[in-house]
Amino acid sequence: MGEGERFQLGTVGALTLSVVSSVSIVICNKALMSSLHFIFATTLTSWHLLVTFCSLHLALKMRFFEHKPFEQKAVVGFGILNGISIGLLNLSLGFNSVGFYQMTKLAIIPCTVLLETLFLGKKFSKRIQFSLSILLMGVGVATVTDLQLNALGSFLSLLAVITTCVAQIMTNTIQKKYKVSSTQLLYQSCPYQAATLLISGPFLDKLLTSQNVFAFKYTTQVTVFIVLSCLISISVNFSTFLVIGKTSPVTYQVLGHLKTCLVLAFGYTLLQDPFSWRNIMGILLAMVGMILYSYYCTLENQQKAIEAAALASQAREGESDPLINLEKGSSTVTDSVGHMSPVWSKDKD
């Protein structure tokens, strides 16, 4: 199996793991928060990260991966920024309507495209832009209902979008710049993410729910669901870094909207949640956008691979053909010292 095939299989595996684990944790957390009334989302996320770090530390001790330290400032800044983005998203949900929060999540893709275009020089083809527009339109139709605006909620949503975009772009760039795997990056940044949310989580949850997480009555059933949620979160956090590292922040956001559609479809079919034809049409439209995005990305990746192979082949041919090398060398000498040509003529005579 070639390197390209292994990379494709790894990418498909990462995408599948991300979808399955994310949908599973949404279902688990929905039962935890709706049925068991444990509504402390930020504190729960901090526990997720803490359990993830402990499991990765155990895996490191068992030599499942190698520790690869790199620039400490980058790790600390990245970890704290990730924690802040999670807290801001929870605040955005708390101070806005559900519809406006969904609009906030939709804004992450165009914001990521804009930031990567302006600061990283990345180019997105017309076909990719078109497929993303179809996808966002479908998700908007399926999920956005009421749009109640307020100044504080809008400001928090803006901060949440910016910090989330920057954090996800950093996930991709750090892995490539420092040659670290998703596991190595997650292991080193997890303590700072967890610490940020462990400190701020109880205060944010108190602000949003008017309840104290430490005064909550932890029954056996609540504890079991919290433990289950934390265990699933290990896969969620790992697959998030894995997907962004193997693909791009935009692809990860596209995948996130697929998860949203799957959760909605699951609720409609199995949990008998209320739905309308608008929801169904939105999900179908989003799926069309997703398929187009995947198709166009595959075409462009294949085209890049063909161009890279052609350039490599030309380079190999140039190195293996001595006549070409001689011609190149002669032309270089002639071009660089053009006034030497009369000397060659004189020698011939």
Side-chain angles (χ1 to χ4, degrees), residues 22 25-53 76-108 111 143-168 170 189-219 221-223 225-230 232-233 236-237 240 253 256 260 263:
S22 295
I25 202 170
V26 166
I27 295 169
C28 179
N29 288 348
K30 185 175 182 179
L32 185 61
M33 294 182 180
S34 300
S35 303
L36 302 176
H37 308 294
F38 184 86
I39 53 177
F40 309 101
T42 309
T43 302
L44 180 62
T45 305
S46 69
W47 295 345
H48 288 170
L49 291 165
L50 190 61
V51 171
T52 299
F53 173 73
V76 175
F78 172 70
I80 294 176
L81 181 63
N82 257 308
I84 291 173
S85 70
I86 294 171
L88 285 171
L89 282 171
N90 288 338
L91 282 174
S92 174
L93 178 58
F95 282 91
N96 292 299
S97 64
V98 175
F100 191 81
Y101 175 71
Q102 291 295 338
M103 286 296 294
T104 299
K105 291 174 66 178
L106 290 176
I108 292 175
C111 182
T143 61
V144 177
T145 51
D146 55 322
L147 286 177
Q148 300 174 8
L149 303 179
N150 64 83
L152 178 59
S154 301
F155 178 69
L156 290 172
S157 293
L158 177 63
L159 291 179
V161 169
I162 294 174
T163 53
T164 301
C165 291
V166 173
Q168 291 180 358
M170 285 181 66
S189 63
C190 241
Y192 302 104
Q193 295 183 59
T196 302
L197 292 178
L198 279 170
I199 294 171
S200 62
F203 296 101
L204 291 179
D205 288 332
K206 176 76 173 178
L207 178 65
L208 295 173
T209 66
S210 300
Q211 297 182 38
N212 189 342
V213 64
F214 301 111
F216 186 81
K217 185 179 180 180
Y218 291 89
T219 64
Q221 192 175 14
V222 169
T223 304
F225 270 90
I226 289 175
V227 171
L228 179 60
S229 178
C230 288
I232 299 174
S233 73
V236 173
N237 291 324
T240 296
Q253 284 300 322
T260 301
V263 170

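Just so you know, these numbers come straight off a predicted model, no measurement behind them.
Heavy atoms only, all atoms of each residue included: L204 and G87 are closest at CD1-CA, 4.1 Å. Closest approach of A194 to L50, counting heavy atoms only: CB-N, 4.0 Å. Closest heavy-atom contact between N82 and A167: OD1-CB, 3.6 Å. The two residues V161 and A107 have their closest heavy-atom pair at CG1-O, 4.0 Å. Taking every heavy atom of both residues into account, Q253 and K105 meet most closely at OE1-O, 4.4 Å. Contact between T163 and L159 at its shortest, heavy atoms only, is OG1-O, 2.8 Å.
A search for side chain to side chain donor-acceptor pair (under 3.5 Å) contacts involving S157 returns S92, N96, T104, not counting sequence neighbours. Evaluation of the side chain to side chain contact (heavy atoms under 4.5 Å, CB included) rule for L36 yields L32, Q221, V222, F225 as partners, not counting sequence neighbours. In this structure, the side chain to side chain contact (heavy atoms under 4.5 Å, CB included) partners of T43, at least two apart in sequence or on a different chain, are F40, S46, W47, P202, D205, V213. Every residue two or more places apart in sequence or in another chain was checked for a side chain to side chain donor-acceptor pair (under 3.5 Å) with S233, and none qualifies. Legend: residues meeting side chain to side chain donor-acceptor pair (under 3.5 Å) with N90, ordered by chain and number and at least two apart, are T42. Qualifying side chain to side chain donor-acceptor pair (under 3.5 Å) partners for T164, counting only residues two or more places apart in sequence or in other chains: none.
Counting only distance, with no hydrogens or angles, the side chain of S34 and the backbone of A31 share no donor-acceptor pair below 3.5 Å.
Shown here is Y218, whose OH atom has more than 12 heavy atoms of other residues, nucleotides or ligands within 6.0 Å.
Summarising the geometry, atom SG belonging to C230 is positioned 8.0 Å from atom CD1 belonging to I25; distances are rounded to the nearest 0.5 Å. To the nearest 0.5 Å, atom CD1 of residue I108 and atom CG of residue L89 are 5.5 Å apart. To the nearest 0.5 Å, the span separating OG on S22 from CG on N237 amounts to 9.5 Å. If you take CG on L44 and CZ on F38, they are separated by 5.5 Å, rounding to the nearest 0.5 Å. To the nearest 0.5 Å, the span separating CG on L93 from CG on L156 amounts to 11.5 Å. For the atom pair CE (M33) and SG (C28), the distance works out to 9.5 Å, reported to the nearest 0.5 Å.
Contact annotation: the side chain of V236 never approaches that of H48 to less than 4.5 Å [non-hydrogen atoms, C-beta and beyond]. Counting heavy atoms from C-beta outward, F78 and Y192 have side chains that stay 4.5 Å or more apart. Looking at L207 and L91, their side chains come closer than 4.5 Å, going by heavy atoms from C-beta outward.
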